[in-house]
Number of protein chains: 2
Amino acid sequence: MAVTQTQASTGTAQRILDVAEELVQSRGYNGFSYADIAGELGLTKASLHYHFPSKAELGEALIERYSARFLESLEAIASTTSGADSKLEAYAGLYADVLRGERMCLCGMLAAEYQTLPERMHDSVIRFFDHNLTWLAGVLAQGQANGELSFDGPPADAAQTVLSTLQGAMLVARPYRDLTRFQAAADHTLASLNGTRSS
Amino acid sequence: MAVTQTQASTGTAQRILDVAEELVQSRGYNGFSYADIAGELGLTKASLHYHFPSKAELGEALIERYSARFLESLEAIASTTSGADSKLEAYAGLYADVLRGERMCLCGMLAAEYQTLPERMHDSVIRFFDHNLTWLAGVLAQGQANGELSFDGPPADAAQTVLSTLQGAMLVARPYRDLTRFQAAADHTLASLNGTRSS
DNA sequence: GTCTATAGGCAGATAGAC
DNA sequence: GTCTATCTGCCTATAGAC
């Protein structure tokens, strides 16, 4: 596919997704319009509808691409990083990178707007969280098993805590435009899972 | 004032705020319109503009009232609950109550939409978080001083962690419509601040 | 694939009668 | 205070030429 369709990854559809992704992450699904994308790309609104007939389909494509990329990052962390604690740090780093771009996690943003989203987008948002929770629970269980990590309750609950804290830290830190607020919450939570505690 | 203007607390302006508050917490500031409120109250859009000339002013009034009520709850907790751990539990309970109503924290929702909000609403959102963080840092410092709580770093960082986790737990749990997900994250984080640890 | 043109609806907001 | 009527603008979406 990469051969038969040269530059496919920078084709119009991808550039539309790039701009739409930035808009949703910074302004929300209800906070941008086809006109915003068209203006940014020098196209007309009608042209956008050729690639994505409805805004709901654009939204769906957005989540699918974002999730796929995010899951690739998770696999990359799993295969290149050794040690549960390092993996969790790398995981938090993914969120820090998003926040540095003055963006919210795409699915965190969509979670806030969930009740107003087209129904076809609902499952995709849930799936993103499910995948993250599964990955986190796996890392946490591994760390607990080899004594690297220490926490009460099932790994799934700790996973829920990590995901919640990172999403919430982005949410709260963004209005302040202050990455250190995110880091404080992220570091504190990861430290609380560490087997070695100073307290 | 309560005497000279009987039923002021259930007057039209207050009923507008009630409906608007529910709409913002469940759908977001960009996810509702004057028509939604008018329909719910059996009024016309024009009548709403008599009480709140612009949507920005309505939004501002919304945050002010919500913040005032929330701060009252914080004072009530501070004066009726003894023990830092109990205060933190009561604090988390405030969020749980909001989530039970299938709502997001008003200011958590507005934080997501922050970049699209009228500028006059910005400071009010920040102030809400500041007040919460100050209150939390005070409780945490108290608990740390008397040995009831134990955590690394300054109380302000722990406060940032608690606020982030609770906001994020609401954000993530709401699409699942599952209060237990919120509770898992809330309980886990509060337990990590407890002086007595099983690990 | 991109354009012009336009439809049809809803947004926030205002004027002025009652 | 609430209404009817209306304005202006933007929204998503479509038809059809190029």
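No experiment lies behind these values; they were computed from the predicted model shown. A note on names: the letters A, B, ... follow the listed sequences, proteins ahead of strands, and every chain is numbered from 1.
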| query | Within the pair B:Thr12 and D:dT2, is there a side-chain N or O less than 4.0 Å away from OP1 or OP2? | reply | yes
| Residues in ring-ring contact (aromatic ring centres under 6.0 Å, His included) with B:His122, at least two apart? | B:Tyr114
| query | Could you give the CG-to-C1' distance, from B:Leu23 to C:dA11, as a whole number of Å? | reply | 15 Å
| message | Without decimals, in angstroms, what is the distance between B:Arg15 CZ and D:dT2 C1'? | response | 12 Å
| Who pairs with A:Thr81 by side chain to side chain donor-acceptor pair (under 3.5 Å), at least two apart in sequence or on another chain? | none
| query | What pairs of residues pass the salt bridge (Lys or Arg N to Asp or Glu O under 4.0 Å) test when at least one of them lies in residues 175-194 of chain A, not counting sequence neighbours? | reply | A:Glu102-A:Arg177, A:Asp178-A:Arg181
| request: Only counting residues at least two apart or in another chain, list the ones meeting salt bridge (Lys or Arg N to Asp or Glu O under 4.0 Å) with B:Glu75. | output: none
| remark: Under a 4.0 Å heavy-atom cutoff, the residues of residues 33-49 of chain B touching DNA chain C are B:Ser33, B:Tyr34, B:Ala35, B:Lys45, B:Ala46, B:His49
| task | May I have the distance from B:Ile16 (atom CD1) to D:dT2 (atom C1'), rounded to whole angstrom? | result | 11 Å
| task | Determine to 10° how strongly the helix from C:dG1-D:dC18 to C:dC18-D:dG1 is bent, judged from the axes of its five-pair ends. | result | 0°
| query | What pairs with A:Tyr29 under ring-ring contact (aromatic ring centres under 6.0 Å, His included), at least two apart in sequence or on another chain? | reply | none
| request: Using a strict cut-off of less than 4.0 Å between a Lys/Arg side-chain nitrogen and an Asp/Glu carboxylate oxygen, indicate whether A:Asp18 and A:Arg15 qualify as a salt bridge. | output: no
| Residues in salt bridge (Lys or Arg N to Asp or Glu O under 4.0 Å) contact with B:Asp130, at least two apart in sequence or another chain | none
| In chain order, what residues pass the salt bridge (Lys or Arg N to Asp or Glu O under 4.0 Å) check against A:Glu22, with sequence neighbours excluded? | none
| Tell me, which of residues 55-66 of chain A have any heavy atom that sits under 4.0 Å from an atom in DNA chain D? | A:Lys55
| query | If you look at every strand shown and take non-hydrogen atoms under 4.0 Å, does A:Phe32 touch a base, only sugar-phosphate, or nothing? | reply | sugar-phosphate
| field | Between C:dT14 (P) and B:Phe52 (CZ): distance, integer Å | value | 16 Å
| said: Tell me whether the side-chain N/O atoms of A:Tyr50 come closer than 4.0 Å to OP1 or OP2 in C:dT2. | reply: no
| message | Check for me whether the distance between the ring centres of B:Phe182 and B:Tyr95 falls short of 6.0 Å. | response | no
| Test salt bridge (Lys or Arg N to Asp or Glu O under 4.0 Å) applied to A:Arg103 - qualifying residues, sequence neighbours left out | A:Glu21
| remark: Contacts of B:Glu89 meeting side chain to side chain donor-acceptor pair (under 3.5 Å) (sequence neighbours excluded), chain-then-number -> none
